[in-house]
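A short write-up of the structure that comes next.
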Amino acid sequence: MTARSVPTDRDVDVVVVGGGPAGSCAALVAARAGLSVVLLERGPFPGSKNMYGGVVYPRILDELIPEWWNDVPIQRWVTRRSTMLLTETQALTVDFRAGAWGAPPYNGATAYRPDFDNWLACHAQAAGAQLITSTTATGLLRDSAGTVIGVRTDRPDGDLTAHVVIACDGVNSFLAKEAGLYEHTDAKHFTLGVKETLALPKHVIDERFGVRGREGVDIEIIGATGGVNGGGFLYTNLDTIAIGVVLKLSKLGAQQQRPEQIIATLKQHPAIAPLVQDGELKEYSAHIIPEAGLTMMPKMTTDGMLVAGDAAALCLAAGIWLEGVNFAMASGMYAGQAAVEAVQANDTSAVGLAGYQRRLSDTFVLKDHRKLRRAPALVLSDRVQHLYPGMVANVVERMFRVDNPNPKPGVRRIFNQERKRAGVRRRDLLRDGWTGFRSFG
Amino acid sequence: MILACLKWVTHPGEPHDERFAGISPADQSALEFALVQAAALGLGVTAVTVGPAGAEKVLRDALACGAQRAVRIHSAGTLSSAEVADALAAAAPAARWVWCGDYSLDRGTGSVPAYLAAALDAQQALGVISVAWQGDGVVATRRLDGGRRELLSVAAPAVISVEGATAHLRRAGLGALRAAASATIDVVHPAAPAHIDEAVVRAYRPRARALAAPLGEQPLDRLRALAATGAATATRVETVTLAPPAAAARIAAALREWGYLD
């Protein structure tokens, strides 16, 4: 560890708000560089307030914690990924299994975020960051020029000054909004994720999902959200499974449906019910997700402040790719690096912190979002949500149906018939196909 | 010196996960009373707990709230109430006021304060539901049966255990919290217990009770009396009208006959 600097005109060099993946990575990087760092967490421990419990892709940790897989607290390594297309009675599944993902250096893992986040924060503490829990940052401190110079907390004597504030306070970031980094926010940019955690014996999960040991399954679902635009998911933990839906907020409100009812309907689907049967409900939780990608991203820097993770809307929801924690960790890491540069150069203005935006732009964090900028709208569109699943499922059903003595019809003919039956116009199909090709191609 | 005894307890469902460990609301109240009294008397508070290194978090929290010194009595295992009290008394023999919670998170016996009062040869006021300050002393209110209350005038040295709702622990300031993170915590290794409290490890055995011989002229009657649990024969209903001294003597005789008195 480098010798820690002692700031003269501030309490600390860097204050990181939020002990999630972004915050801990930012604190870890800055503390390793020898800066004095405070990591503020509003819960009694990092991850304690977290409702997430899905798949984490920790590849970016290679740059921070060598051989992180040796002690990372994960549930199962994802070795099977499936995408399911559901109608009321049909299910079309594309299933992929990769044995290599079950061995170092691994790919993704299911994890309980209270364990994962706490582990990451412990690394930040070991690097020298001071973790302060049960403390909420309630606002920003500014100097007469408007530069952010720290945060105000809900504790007595609670002002904490710093050269750089890194806001990792999650989706709906009050600090980023107070700093004026969000020009506007719109409910249509958010989805509501709701999840049930169901306990099942490990051997039952292994048998039902065809896995062994620490192998796990990640199933993404389209078309079983009760008419509300969104998607479903089903993940295997060691002795629990997580099933849930992600619902477009504006549609959920307009249709006045209850999310728990939508999950209950999903659990009764013929393709899902055998997988979750007899699961004992252990937890029900909900969380807002920023899913509009580039459309909703704020300015990432201002004088004395950076914003990272969910607070910066760095969540990739692009159909087959549903990622957030890796973007949070990477953005936190780059924010920490930029803060170190700025403090060492004694310039923590927006110009001095510009290295953050540059790093985001040069790496997967913004490159993926730029490439897939049209994907969130496409995936959550009415046609993809409500017309295409039924159309595709009917095509497949007719392809595999044996109508002897009638001869087998051509696929093209079936497709055109089903397209018309679903009410899908050819030009809309072509337009969506082109959008999808440009995004995913 | 004012001592605040804080029992660090892990969550029964997660006994090895210190994230879920902590102290009870009663212990928090005890710490608050200790801090208030210390401010009034111009004394310092020493926060003490018994446990492994993970227990130091509650001591750092106490330091952040205003305690001047923190002592951890090292223990990796389970100690009996008497052993805990002995260790606490040895760590702070000069304590004038000792504040404890009336119950811990694991809902133990609540007997440590009483043992501690004995070990320190101090007054005790246990299960206190409110506290009033009276000069250098304390007026403690205790609960009695039937909604009645007992007022105890307590003078130092004394051990007081309080219920959880009696006080709300102050919120530590940010600066104090940061300073407490690197504060020194004295670690004491208790001496090996001088005796083994067999009552702790001995299996429960109900005390033997002398029973009156079964009534009956014939052996069969006496057997029937035994087989019928004695309910029909041993609790004969008898209504008598006597003067109070004679009535008391009659009741005592009946109880003796039924085996309730030796």
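Chain naming here is simple, since letters A, B, ... match the order of the sequence lines and numbering starts at 1 in each.
The side chain to side chain donor-acceptor pair (under 3.5 Å) check on A:Lys202 picks up A:Asp206, with sequence neighbours excluded.
The environment of CZ in A:Arg42 is sparse: at most 12 heavy-atom neighbours from other residues, nucleotides or ligands sit within 6.0 Å. Other residues, nucleotides and ligands place no more than 12 heavy atoms under 6.0 Å from the CG atom of B:Asp121. In A:Asp71, the CG atom is crowded: over 12 heavy atoms of neighbouring residues, nucleotides or ligands sit closer than 6.0 Å. Counting heavy atoms of neighbouring residues, nucleotides and ligands inside a 6.0 Å radius, atom CG of A:Asn172 exceeds 12 of them.
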Show me the side-chain donor-acceptor pairs of residues 35-42 of chain B shorter than 3.5 Å, one per line, residues at least two apart or across chains.
residue	atom	partner	partner atom	Å
B:Gln37	OE1	B:Trp99	NE1	2.8

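Residue A:Thr135 touches chain B through both its backbone and its side chain, counting heavy-atom pairs closer than 4.5 Å. Only the side chain of A:Asn118 has a heavy atom closer than 4.5 Å to any heavy atom of chain B.
Of residues 161-188 of chain B, those residues lying under 4.5 Å from chain A by any heavy-atom pair are B:Arg171, B:Ala172, B:Gly173, B:Leu174, B:Gly175, B:Leu177, B:Arg178, B:Ala181. Among the residues in residues 16-30 of chain B, those with a non-hydrogen atom closer than 4.5 angstrom to a non-hydrogen atom of chain A are B:Arg19, B:Phe20.
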